[in-house]
Visitor: 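Structure below; questions to follow.
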Amino acid sequence: MTSTLVPAPADPTTSGRGTAAPRRRTRVLALPEARWAAAALALFLIALPLQLTGAPAWTWAPLYALTYAAGGWEPGWAGLRALREKTLDVDLLMVVAALGAAAIGQVMDGALLIVIFATSGALEALATARTADSVRGLLDLAPAKAARLAADGSEETVAVEDLAVGDTILVRPGERVGADGRVLDGAGDVDQATITGEPLPVAKEPGDEVFAGTLNGTGALRVRVERDASDSVIARIVRMVEEASETKAPTQLFIEKVEQRYSLGMVAATLAVFLVPLAFGATLTGSLLRAMTFMIVASPCAVVLATMPPLLSAIANAGRHGVLVKSAVVMERLGEVDAVALDKTGTLTEGTPRVTDVRPLTGSGLDEAGLLRLAAAAEHPSEHPLARAVLTAARERGLALPVAEDFDSTPGVGVRATVDAQLVAVGAPARLLADVRDAGTTAAADLAGELEDGGRTAVLVMVDGRPVGLLGVADRLRPEAAATVASLTSRTGTAPLLLTGDNPRAAARLAAEAGIEDVRAGLLPEDKVSAVRELAAAGRKVLVVGDGVNDAPALAAAHTGIAMGRAGSDLALETADAVVVRDELATVPAVISLSRRARRLVVQNLVIAAVFITCLVVWDLAGHLPLPLGVAGHEGSTVIVGLNGLRLLRESAWRRAAG
């Protein structure tokens, strides 16, 4: 009896990459900033059509007033508190600008400014809350309870916080490990992708270390606790993400770095333009008109628009092509990157193990299809990721599989089953060959060593106690990985480095295929952070690209972090500054180039704005600039820099960046 393999539905509970933290999400309207911004927006949207359709002022003016109050009271209050500390805060300036617009009859313009500013604050608050959600959710990876074994062998369920160093816990198949410790007894395959990023479960036996929050696949383990819950690797990851997020140097857009001085200077200059002529006998009306004109033409509207449209256009264009950049600050920072650190599993690679080699032994009487057919039939009942890789390879070749009988799985060793009246064993070569004295043993061991030296996981197939062949299993490099590495090298001037928790041989093989020479393997999350900080200390602006929980601390510590979105953990997605939604690695160098073009347009716009402001201010101070002409010149410069920045919305802008 045979069966033809068909694709099985993906089961995230058994996936090697499916160990993300349980999802916690702060509701948008749970944030006061979001509620006030929503109220301001709703009031504005009601008032605007009433005004535009010519309704009486009493119908829309109160709605605009409520818009000002709903969207402006929080930033206004924050600005007043900052003013008490002798700081002219941008929050207060924006509110004053809106009120000033209303004072000269531009009520709708001021209300729009309030709505935009309140919405921006709400989005910033939401991003902060979501990051905190993901950090808290990470703690849920570690179970709340553990089975503690007493000296007499009795079992007691206790909270993991009550475990002490030296306690012994029992971890059954399918359970998460409750504490960092060392295996005393038993064997199992533990999925520790959350900690090390390794794509395959790791066989554990007495003496091996295990980590809290990792998933035990098969086989019961007795584990001696070696760290308190507060000092586990998972807890340290949480602390590292929080500390890196808090201590990362505050970043601002270029214009925000000078706005404090510019705003103070403009306020002082406006007062001087008003008061000095009065002191020399000028009329009040003339002095006031000249000061109002000066305030309008010297207003930094064009300077502000010089910065935002290019960056926002770049964000929108990147979003259309599958890269979510979370803010204008991030888009600006991407253009500063001069060093790139890449994760391996799920970033450079597809994150799914695949059969790369099918090697029948000489004299086995089997060809590649026959060897794969026997291995896949024996592995069919197994849930191990290696088994799924073998079954996928058989399905891709269209092989019809006989039914396996008397299936048995031994953790850390492999599986056995009767296939076509033969006893077929599939598993780790070292374990299966330990008690075999067959003529093919040496050849099998040599071939296994060859596969493992090449960075593959060797899987031995035996029939009736005799080695018949081996399979090589490895995580496959993304097709675009080598080209992306080359593009990143040309854009930053230095080749990317590889930071991975996987074993050195597998890392070296993948790095060689991708064209990376600097490889740092076997890293825990804190080691990745140390590598990033080492580069930063040398003056480098480091971009980290990763996808897993174990990458989150490095993403937070880096100058800029990009997460791969399709298989990325919640923590990585929330911690990163940008997300590659479609999992297309080639978009990373493209978005760097797009950022650099946006920065060039910002400089162009600042020059244009400075020329306009200088000419209009000189005209107003040295001669007599009519107010309407001053307004027209001011608005004209604003339109010019705005349209110049919108050039990055075009499809050709992305093509040039990608090229």
Side-chain angles (χ1 to χ4, degrees), residues 10-22 137-196 198-235 379-388 406-417 426-428 431 549-550 569:
D11 181 0
T13 63
T14 59
S15 171
R17 307 288 299 170
T19 53
L138 178 59
L139 292 172
D140 290 341
L141 279 174
K145 304 287 186 180
R148 182 168 62 188
L149 300 178
D152 60 2
S154 61
E155 181 180 324
E156 176 189 12
T157 300
V158 299
V160 293
E161 293 83 1
D162 296 333
L163 292 174
V165 174
D167 284 348
T168 300
I169 60 174
L170 176 65
V171 185
R172 295 182 172 85
E175 291 182 349
R176 292 191 181 275
V177 180
D180 287 6
R182 202 163 296 277
V183 178
L184 293 177
D185 185 49
D189 296 310
V190 177
D191 179 357
Q192 52 188 39
T194 52
I195 304 298
T196 65
E198 293 173 282
L200 295 173
V202 178
K204 298 293 184 181
E205 58 185 15
D208 289 339
E209 186 177 21
V210 292
F211 304 107
T214 55
L215 184 65
N216 184 27
T218 56
L221 302 174
R222 287 175 59 241
V223 176
R224 183 180 65 248
V225 177
E226 293 190 340
R227 295 191 191 97
D228 291 329
S230 61
D231 195 38
S232 68
V233 172
I234 283 287
E379 292 276 21
H380 195 281
S382 174
E383 296 182 349
H384 195 282
L386 282 177
R388 289 196 298 276
D406 302 324
F407 174 82
D408 179 55
S409 175
T410 304
V413 178
V415 302
R416 298 177 187 272
V426 183
R431 304 292 179 83
V549 167
N550 60 312
S569 69

Visitor: Filter on salt bridge (charged side-chain N to carboxylate O under 4.0 Å, His left out), then keep only pairs touching residues 160-171, sequence neighbours left out; what's left?
Guide: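 Qualifying pairs: R148-D167.
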Visitor: Going from CG on L221 to OG1 on T168, what distance comes out if it is rounded to the nearest 0.5 angstrom?
Guide: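 So the gap between those two atoms works out to 12.5 Å.
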Visitor: For V415 and F407, what are the C-alpha separation, side-chain angles and deciding distance, and is it a side-chain contact (heavy atoms from CB on, under 4.5 Å)?
Guide: CA-CA 7 Å; V415 302; F407 174 82; 3.7 Å; yes
Visitor: How close do A146 and V160 get, counting heavy atoms only, and between which atoms?
Guide: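 A146 and V160 have their closest heavy atoms at CB-CG1, 4.1 Å.
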Visitor: For a quick test of reading the model, state the closest non-hydrogen atom pair linking P206 to D185 and the distance between them.
Guide: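 Answer, listing the atom of P206 first, then D185: CG-CA, 4.1 Å.
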Visitor: Do you know the tightest heavy-atom contact between R172 and N216?
Guide: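 Closest approach of R172 to N216, heavy atoms only: O-ND2, 3.3 Å.
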Visitor: Working to the nearest 0.5 angstrom, can you tell me the gap between I169 CD1 and E156 CD?
Guide: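 I169 atom CD1 to E156 atom CD measures 13.0 Å (nearest 0.5 Å).
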Visitor: Roughly how far, to the nearest 0.5 Å, is CG of D189 from OG of S409?
Guide: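 One gets 7.5 Å once the value is rounded to the nearest 0.5 Å.
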Visitor: Identify the heavy atoms of R222 and L149 that sit nearest to each other, and give their distance.
Guide: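 Heavy atoms of R222 and L149 come nearest at NE-CD1, 3.8 Å.
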Visitor: CG/L163 to CG/D180 distance, rounded to the nearest 0.5 angstrom?
Guide: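 If I round to the nearest 0.5 Å, the distance is 11.0 Å.
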Visitor: Give the minimum heavy-atom separation between L184 and R224, together with the two atoms involved.
Guide: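 Scanning both residues completely, I find the closest heavy atoms to be CD2-NH1, 3.0 Å.
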Visitor: Would V190 and D208 count as a side-chain contact (heavy atoms from CB on, under 4.5 Å) here? Give the steps.
Guide: CA-CA 11 Å; V190 177; D208 289 339; over 6 Å; no
Visitor: Please name the pair of heavy atoms, one in G207 and one in R182, separated by the smallest distance, quoted to 0.1 Å.
Guide: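 Heavy-atom minimum between the residues: O-NH1, 3.0 Å.
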Visitor: About how many Å separate CZ of R388 and NE2 of H380, when rounded to the nearest 0.5 Å?
Guide: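 The distance works out to 13.0 Å.
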